[in-house]
Amino acid sequence: MDAERIKEFAVQLLDGRLSIDEFVKVVGTPATVDLGDAQVDLDRQRRCGLPEVVFAEGKTVEAIFQIISCQLEAGCNVLVTRLSSEKADVLSQRFAAGRYSEVARTFRIDTGREVTVDDRPGNVAIVSAGTSDRPVAEEAFETAQWTGAEVTLISDVGVAGPQRLQPHLAALRQVDAVIVVAGMEGALPSVVGGHLACPVIAVPTSVGYGANLGGFAPLLGMLNSCASNVAVVNIDAGFKAGYIAGLIALRAAQSRAARGPTPAAMKS
């Protein structure tokens, strides 16, 4: 743990926000814990802003259990992605505070440790083109919430019915980042990006008929977007989009907190 982090905890100790036992525990936590097959990175939040995330595919439920236990011991908020319902059943029995989303295939445990700034968190909106894109959109939703952002999910507003997007534009203009999830030809991110001044993170999905090519058609379409504020993540990568949007929102919240209240807020 670096000197700045130790100073931060020392201030919390002096302010009474940490007990002596809690201070000793957090300062004595190693940066990496060797679990044999896994090297758990407990320094990730200090370096990168958010704790390490557990990718469940290919891991035994016992390995996932050990990693989660290690993270909780260090006070980390837990996020497990791509978790099967069978493994989730076992973990839910062992971690009563855990919450499993069957649609998103995510498992979360909130330790109560804040990752946002004061009471003014960042804001993320997720827009999905169709209901078939929902699993990817839900993965983005769960991930962005885990980062501490306030998240709004807008579903089934694809370009086949463009009038459905219009009522949501005013709200979308108020957020720090927008995630757009779409399959088929992947046109929706360009449409959304053309209306907004914030970053738009496009997620191509493997939803569509044969020429969709398992998500390659929307991926290429999004990469060639003429909307300059559109950036693209991998096919079905709802987690990656949610993580990046959460970081953007967190930085935006930190910036607002540093600037202090706006004149309008002071008047109210």
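Note that this is a predicted model, so its numbers are computed, not measured.
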Does R134 use its side chain to pair, donor to acceptor, with the backbone of V103 at less than 3.5 Å? no
Do K87 side-chain atoms and K59 backbone N/O form a donor-acceptor pair below 3.5 Å? yes
Taking ILVMFWY side chains as joined if any heavy atoms are under 4.5 angstrom apart, and letting links pass through other members, which residues group with I201? V124, I126, V136, F141, V151, L153, I179, V181, V203, V233, I244, I248
Linking I/L/V/M/F/W/Y whenever any side-chain heavy atoms sit under 4.5 Å apart, do F216 and M184 land together? no
Surrounding CZ of R251 (heavy atoms of other residues, nucleotides or ligands, distance under 6.0 Å), is the total greater than 12? no
When you measure from the centre of the six-membered ring of F55, is the NZ or CZ of R82 closer than 6.0 Å and no more than 45° off the axis? no
All heavy atoms of A253 vs all of G122, minimum pair found to be CB-N, 3.6 Å
Donor-acceptor pair, distance only, cut-off 3.5 Å: does the side chain of W146 make one with the backbone of R108? no
Under a 4.0 Å threshold between the charged nitrogen and the carboxylate oxygen, would E142 count as salt-bridged to R105? no
Can a salt bridge be assigned to the pair D176 and R256 using a cut-off of 4.0 Å between side-chain N and carboxylate O? yes
Would a distance-only check, ignoring hydrogens and angles, find a side-chain to backbone donor-acceptor pair under 3.5 Å from N212 to E185? no
Given 3.5 Å as the limit, does a donor-acceptor pair link the side chain of D133 with the main chain of G130, or not? yes
Donor-acceptor contact below 3.5 Å, side chain T143 vs main chain G242: no
